[in-house]
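Written below as structure tokens is the structure these notes are about.
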Amino acid sequence: MAQLTYRDAIRAGLEEALRSNPEVFIMGEDVGAYGGSYAVTKGFMEEYGEERIIDTPIAESGFVGTGIGAAIAGMSPIVEIMTINFSLLAMDQIVHIAAKARYMSGGQISVPIVIRTVSGGGNMLAATHSQSLEGWYARVPGLKVVTPSNAADALGLLRSAVADPNPVMFVEHSLLYGSRSEVPDEHYTIPFGSARVARSGADVSIIAYLRRVPISLQAAELLEDDGIDAEVIDLRTLLPLDTQTFIDSVHKTNRAVVVEETWEFGGFAGEVIAQINEKAFDSLDGPALRVGGANVPTPYSRPLELLTIPTPEMVADKVRSLF
Amino acid sequence: MSTSIDSTLPRSELLTMLRTMKLIRRFEERSAEHYGRGNIGGFLHLYIGEEAVAVGVISPLRDDDKIVTHYRDHGHALARGMDTAACMAELFGKSTGVSGGKGGSMHFFDVEKGFMGGHAIVGGQLPLAVGLAFANRYRGEDSLVVCFLGDGAVNEGEFHESMNLASLWNLPVLFLLENNGFGMGTRVERASAQPVIHRLADRHNVRSHREENGQDVFAVREAALDAIEYIRDGNGPYFLEVMTYRFRGHSMADPIEYRQQHEVEPWLELDPIKLLSDRLLANDLTTADEINAIDEDVENEVNEAIQFALESPFPKPDELYSDIYA
Ligand SMILES: Cc1ncc(C[n+]2csc(CCOP(=O)(O)OP(=O)(O)O)c2C)c(N)n1
Ligand SMILES: [Mg+2]
């Protein structure tokens with residue numbers, strides 16, 4: 001077991017892909033000479049050459065679409081969109097071509113692309129640069145949406161993403177890059193659609209993904225003082241969604257709180273709650289609740305920004321309201 | 001570079017231009033300092049080295065003209081005469097800031113001054129400029145819209161869509177390209193198949209010019225005046241490319257590993273502020289004492305701005321939900 005940062009785990013997964021398949025290439029804005037905005041691909045251009053580590057112009061629709069085209073030609077592109085905010089300029093290509101080409105062609109085409117991008121707020125980057133839009137993509141049949149919360153999951157899920165013959169949105173969180181966790185030395189993969197029990201508990205199921213997982217684990221610690229034993233479920237992938245793991249958990253704990261960073265209104269948490277209502281209603285001792293971000297464009301000013309993102313205290317308060 | 005001054009501007013206006021460039025420079029040097037101290041957060045993109053562009057283009061505008069720009073917006077804001085203290089307060093995230101503390105460095109706004117925003121999605125400001133100009137023409141007004149953009153932005157589809165629309169409908173937009181050689185760490189030559197960017201305008205039947213002396217505020221001003229006259233005469237949009245250089249990193253977070261110091265140094269020699277003050281001195285249009293007095297004056301203004309920003313309150317929690325809808 002090695003202690004790796006989230007960043008280094010992703011680097012390791014990318015290097016593995018580059019070494020094992022000459023048709024893997026990495027493409028995106030400032031992934032080469034600059035080393036990546038979050039330094040994930042630092043040094044790659046020197047190591048693997050400009051043919052395979054490709055700096056693109058600022059043209060999201062163009063280069064993401066190019067990656068999709070190369071994937072349709074049978075290559076294995078890993079395309080980086082600097083942040084998920086900028087993915088909106090490429091959304092047409094992702095939603096209309098990558099997600100639909102296989103279905104519309106009656107199964108003749110596959111699109112084995114990995115689109116890496118970065119989500120999340122909390123960096124004082126204001127409204128245009130702080131969004132968490134992965135939940136939007138998770139509504140699109142034909143895409144897969146991966147949301148790792150720690151280094152070990154990031155590596156295991158990245159391996160699955162690279163091996164997957166479908167378009168995968170691999171969504172990283174900007175404030176997780178420096179976080180460390182144990183990563184097994186032996187080769188492993190984590191299949192999509194397998195949630196993880198991040199902490200087991202008897203009294204309530206807290207269900208989260210990306211950075212809200214460590215936040216929920218902190219909430220669980222706070223709740224110990226109230227004598228509440230919380231279970232924390234990390235969804236790990238939004239699409240496909242492993243419903244079984246959290247339904248089993250709710251059967252056991254009889255209470256559920258779903259946590260996500262983005263706008264609470266119309267969010268992915270609502271989907272999870274609908275699944276709970278449909279599949280575990282009889283087990284519930286109270287309503288399945290959610291904690292999401294404030295329904296506002298993210299403000300720059302620090303004291304206001306802090307009010308927009310769910311904290312461990314906010315999660316713990318919501319849980320307490322069920323007791 | 002020329003050392004004479006053939007500008008017809010009165011001395012007082014020449015000194016105002018010098019003072020504005022110095023104000024932009026000190027404002028940003030001091031904001032970098034306060035970024036280091038944690039009083040400013042997020043992304044801070046400095047304009048240092050490019051001051052002649054903002055001042056050369058904005059100084060000949062009329063009050064009813066409008067400006068839209070990108071995230072590297074402090075220079076444009078100050079050149080437009082936006083309140084220095086309110087600009088600093090915005091960086092500090094205070095409610096007295098130009099955007100109420102909600103926008104930060106990348107999103108300065110001052111509608112009264114016709115400053116229709118810093119916009120942080122590359123290329124996003126271009127269609128907005130076209131729309132503002134559309135309204136002008138529809139209403140029969142002869143004011144125009146200046147749209148600042150970077151060399152990186154021309155590779156977005158929105159650039160071409162906007163140029164075509166403005167040209168097709170003969171709209172009064174001055175597309176003002178600040179070619180500082182890089183989009184983040186990527187050189188123009190590595191990002192644009194046509195690195196002489198203004199030539200792209202031909203494709204859309206838009207009149208264009210490249211001003212090579214972007215560090216020379218007079219050259220920029222002359223080029224801008226030509227463009228402005230062309231647009232006010234009802235000829236439609238104009239694309240002006242100005243060659244300049246970003247002395248600092250892309251943002252405060254940039255380790256600047258993609259360029260060598262030896263290529264930066266010749267540009268540092270072309271410091272637009274030094275070039276202007278040297279020329280004013282050489283032509284006996286000012287004295288060392290007068291320049292010192294300007295420096296002192298600017299220093300005071302920036303100090304007062306910082307004091308104001310420090311003392312101003314943060315927005316109150318209920319302001320979180322204000323301004324979402326009209
Ligand atoms: C659509 C979009 N893609 C990427 C970014 C990230 N980004 C911000 S500034 C920038 C470089 C822009 O360069 P340029 O247009 O030359 O302006 P400069 O910073 O040099 O003034 C990039 C890639 C963004 N903000 N928006
Ligand atoms: Mg540039």
Side-chain angles (χ1 to χ4, degrees), chain A residues 28-39 41-43 45-46 50 54-65 82-83 85-90 92-93 121-131 174 263 293-309, chain B residues 38 40-43 71 90-95 97 99-107 119-124 150-159 182-188 190-193 250-251 253-259 313-324:
Chain A
E29 290 160 17
D30 288 299
V31 296
Y34 189 94
S37 304
Y38 294 93
T41 53
K42 200 169 160 68
M45 187 180 252
E46 291 77 2
E50 292 194 33
I54 304 164
D55 278 327
T56 67
I58 308 170
E60 287 80 5
S61 185
F63 73 76
V64 173
M82 196 177 277
T83 78
N85 307 286
F86 316 147
S87 79
L88 296 191
L89 283 80
D92 174 58
Q93 291 292 316
N123 296 308
M124 293 182 77
L125 298 179
T128 58
H129 278 55
S130 302
Q131 300 165 111
S174 61
W263 305 301
N295 295 314
V296 301
T298 307
Y300 163 73
S301 186
R302 189 61 169 168
L304 289 190
E305 184 191 36
L306 289 174
L307 301 173
T308 66
I309 303 176
Chain B
I40 299 172
F43 285 151
Y71 44 84
E90 187 61 36
L91 299 184
F92 280 58
K94 300 300 182 75
S95 63
S99 305
K102 286 178 170 167
S105 164
M106 302 193 288
H107 308 105
H119 296 270
I121 299 298
V122 169
D151 48 89
V154 303
N155 298 311
E156 291 281 18
E158 279 164 324
F159 168 75
F182 295 87
M184 270 186 74
T186 305
R187 282 172 204 281
V188 170
R190 296 181 67 234
S192 284
H250 169 70
S251 73
D254 180 358
I256 331 185
E257 284 167 1
Y258 47 83
R259 71 184 189 195
F314 282 109
K316 289 194 224 37
D318 61 0
E319 287 176 54
L320 184 59
Y321 290 96
S322 62
D323 303 323
I324 300 175

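Numbers restart at 1 for each chain; the letters A, B, ... are given by sequence-line order, proteins then strands.
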Can you tell me which portion of Leu89(A) sits under 4.5 Å from chain B's heavy atoms? Options are side chain, backbone, both or neither. side chain

Which of the residues Leu320(B), Val122(B), Thr186(B) is involved in the greatest number of heavy-atom pairs with chain A at under 4.5 angstrom? Leu320(B)

Where on [X] is there a heavy atom nearer than 4.5 Å to chain A: the side chain, the backbone, both, or neither?
X	value
Ile256(B)	neither
Ile324(B)	side chain
Met184(B)	both

Those residues at least two apart in sequence (or on a different chain) that pass salt bridge (charged side-chain N to carboxylate O under 4.0 Å, His left out) with Asp323(B) are Lys102(B)

Tell me which of these, Asp30(A), Leu125(A), Thr128(A), has more heavy-atom pairs under 4.5 Å with chain B than the rest. Asp30(A)

Looking only at Glu305(A), Glu29(A), Met124(A), most heavy-atom pairs under 4.5 Å shared with chain B are made by Met124(A)

How many angstroms lie between CD in Glu158(B) and CD1 in Ile121(B), if you round to the nearest 0.5 Å? 9.5 Å

Correct closest heavy-atom pair for Val296(A) and Thr308(A) would be CG2-CG2, 3.9 Å

List for me each residue that meets ring-ring contact (aromatic ring centres under 6.0 Å, His included) alongside Phe63(A), sequence neighbours excluded, and say none if there are none. none

Tell me if the aromatic rings of Phe92(B) and Phe314(B) count as close, with their centers under 6.0 Å from one another. no

List the steps and the verdict of ring pair (Phe, Tyr, Trp, His ring centres under 6.0 Å) for His129(A) and Phe86(A). CA-CA 8 Å; His129(A) 278 55; Phe86(A) 316 147; 5.2 Å; yes

